[in-house]
K.L.:
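The structure's right below; bear with me while I get my questions together.
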2 protein chains.
Amino acid sequence: MMSLMAHHTDRTSRRIALLKALAHPSRLAIAEALQSGERCVCELTELVGADMSTVSKHLSLMRAAGLLEMEKRGLNVFYRLRCPCLLDFFECVDGLSPATPVLRRRKIR
Amino acid sequence: MMSLMAHHTDRTSRRIALLKALAHPSRLAIAEALQSGERCVCELTELVGADMSTVSKHLSLMRAAGLLEMEKRGLNVFYRLRCPCLLDFFECVDGLSPATPVLRRRKIR
DNA sequence: AGACTACTTGGCGATCTCGCCAAGTAAAGC
DNA sequence: GCTTTACTTGGCGAGATCGCCAAGTAGTCT
């Protein structure tokens, strides 16, 4: 895979990591939940309904992408969003109509 | 996979599809190139340096996600961005500092 | 019509991702 | 110290994704 295209800048790599961090149902649900404030891993585990180990790996990935920050308090680990732009982006995304017909220019004769 | 989390709304599915459509080096490069105007498949093929069939599949996926629209003119097929919000989002993403140390609240004694 | 160009689609191996279980770590409480 | 709670990490099978080649389609041109 990835023939001649492996010329990513750091910026590109970070963009891709952040997009991948959001492009999964559980991770998107986590990001959306965190828009209303920090949550600990057990709360997020209940939210997505998967094994805690699975959720923990999702959170690590999102943190590595720069999307989340974590803070340990007592036995709990709390995660918070670091990206204030999600809401605006999703509003714009949701505004797109779902389908796209093939546009075909009328023949000029 | 996807134990109890298969409760996606249409909106969620569309958000995921759009994020996945961007979360790949070749596809991101295509989206970025299209920010400066439409391109035909052969131009985009040269840009990403992969087989045209590969690029064509990327473009189909991006179109299905609602990100692109296509127009056939003569022998060429031109693709255009349908999402005006990419630039703003990426500016915000690029503004994030790459790493995040584990935050640890000081003990109060 | 036949040849050519620009693109799409089918198929398939190679690689990546996902989720669970099991095992490990770290802080709190006894 | 030992136990419990909250979480992370390793490993592995199952399924998804990716990219190439080969074959098909749709216009253009002569």
Side-chain angles (χ1 to χ4, degrees), chain A residues 1-6 8 13 16-17 19-30 38-65 68 70-79 100 102-109, chain B residues 1-6 8 13 16-17 19-30 38-65 68 70-79 100 102-109:
Chain A
M1 184 212 285
M2 198 56 25
S3 53
L4 308 176
M5 263 297 295
H8 316 151
S13 304
I16 305 244
L19 289 162
K20 282 190 180 171
L22 289 168
H24 180 283
S26 301
R27 294 198 292 262
L28 183 58
I30 288 169
E38 67 174 19
R39 298 277 189 284
C40 71
V41 181
C42 53
E43 290 171 312
L44 295 169
T45 296
E46 193 173 10
L47 174 76
V48 308
D51 195 273
M52 184 182 273
S53 68
T54 301
V55 174
S56 177
K57 281 178 184 171
H58 282 312
L59 291 166
S60 296
L61 186 152
M62 294 168 86
R63 193 168 82 88
L68 304 184
M70 78 193 287
E71 183 182 353
K72 190 154 193 173
R73 294 205 297 273
L75 280 178
N76 297 291
V77 176
F78 292 88
Y79 282 88
T100 319
V102 181
L103 301 179
R104 218 170 261 273
R105 196 168 62 167
R106 295 193 68 64
K107 205 127 192 175
I108 306 150
R109 54 209 143 153
Chain B
M1 172 208 294
M2 199 52 29
S3 52
L4 308 176
M5 265 297 296
H8 317 148
S13 304
I16 305 245
L19 289 163
K20 283 191 180 171
L22 289 168
H24 180 282
S26 302
R27 294 198 292 262
L28 183 58
I30 289 169
E38 66 174 20
R39 298 278 188 283
C40 71
V41 180
C42 54
E43 290 172 311
L44 296 169
T45 296
E46 193 173 9
L47 174 76
V48 308
D51 195 273
M52 184 182 274
S53 67
T54 300
V55 174
S56 178
K57 281 178 185 172
H58 281 312
L59 291 167
S60 297
L61 185 150
M62 294 167 86
R63 194 168 81 88
L68 305 184
M70 76 193 289
E71 182 181 354
K72 188 153 195 173
R73 293 204 297 273
L75 281 177
N76 297 290
V77 177
F78 292 87
Y79 282 88
T100 318
V102 180
L103 302 177
R104 218 171 261 271
R105 196 168 63 165
R106 294 192 69 66
K107 207 126 192 175
I108 306 152
R109 56 216 134 137

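Numbered from 1 within each chain, the chains take letters A, B, ... in sequence-line order. Note that the structure is a prediction, hence the values are computed from the model and not measured.
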K.L.:
What is the separation between atom CG on Leu75(B) and atom C1' on dA3(C), rounded to the nearest whole Å?
P.N.:
12 Å

K.L.:
Please report, rounded to the nearest Å, how far the P atom of dA28(C) is from the CZ atom of Arg73(A).
P.N.:
13 Å

K.L.:
With respect to the side chain of Met52(A), which nucleotide from dG11(D), dC7(D), dG11(C) is positioned closest?
P.N.:
dC7(D)

K.L.:
Has Arg73(A) got its NZ or CZ under 6.0 Å from the middle of the six-membered ring of Phe78(A), at an angle within 45 degrees of the ring axis?
P.N.:
yes

K.L.:
Of all the nucleotides listed (dT8(D), dC20(D), dG19(C)), which has the minimum atom distance to the side chain of Ala50(B)?
P.N.:
dC20(D)

K.L.:
Counting heavy atoms from C-beta on, name the nucleotide in dT9(D), dT9(C), dC21(D) closest to the side chain of Ser60(A).
P.N.:
dT9(D)

K.L.:
Taking atom CD of Glu46(A) as the centre, report whether more than 12 heavy atoms of other residues, nucleotides or ligands fall under 6.0 Å from it.
P.N.:
no

K.L.:
How do Leu61(B) and Ser53(A) order along DNA chain D: which one's closest nucleotide is nearer the 5' end?
P.N.:
Ser53(A)

K.L.:
Within the 4.5 Å heavy-atom criterion, are Val41(B) and Thr45(B) side-chain neighbours or not?
P.N.:
yes

K.L.:
Can you give me the closest heavy-atom contact between Leu61(A) and Ala21(A), atom names plus distance?
P.N.:
CD2-CA, 3.7 Å

K.L.:
Measuring from the side chain of Asp51(A) (C-beta onward, heavy atoms only), which nucleotide among dC20(C), dT9(C), dT17(C) has the closest atom?
P.N.:
dC20(C)

K.L.:
Round to a whole Å and report the spacing from NZ of Lys57(B) to C1' of dA22(D).
P.N.:
11 Å

K.L.:
Mind calculating the distance between CE (Met70(A)) and C1' (dT8(D)) to the nearest angstrom?
P.N.:
9 Å

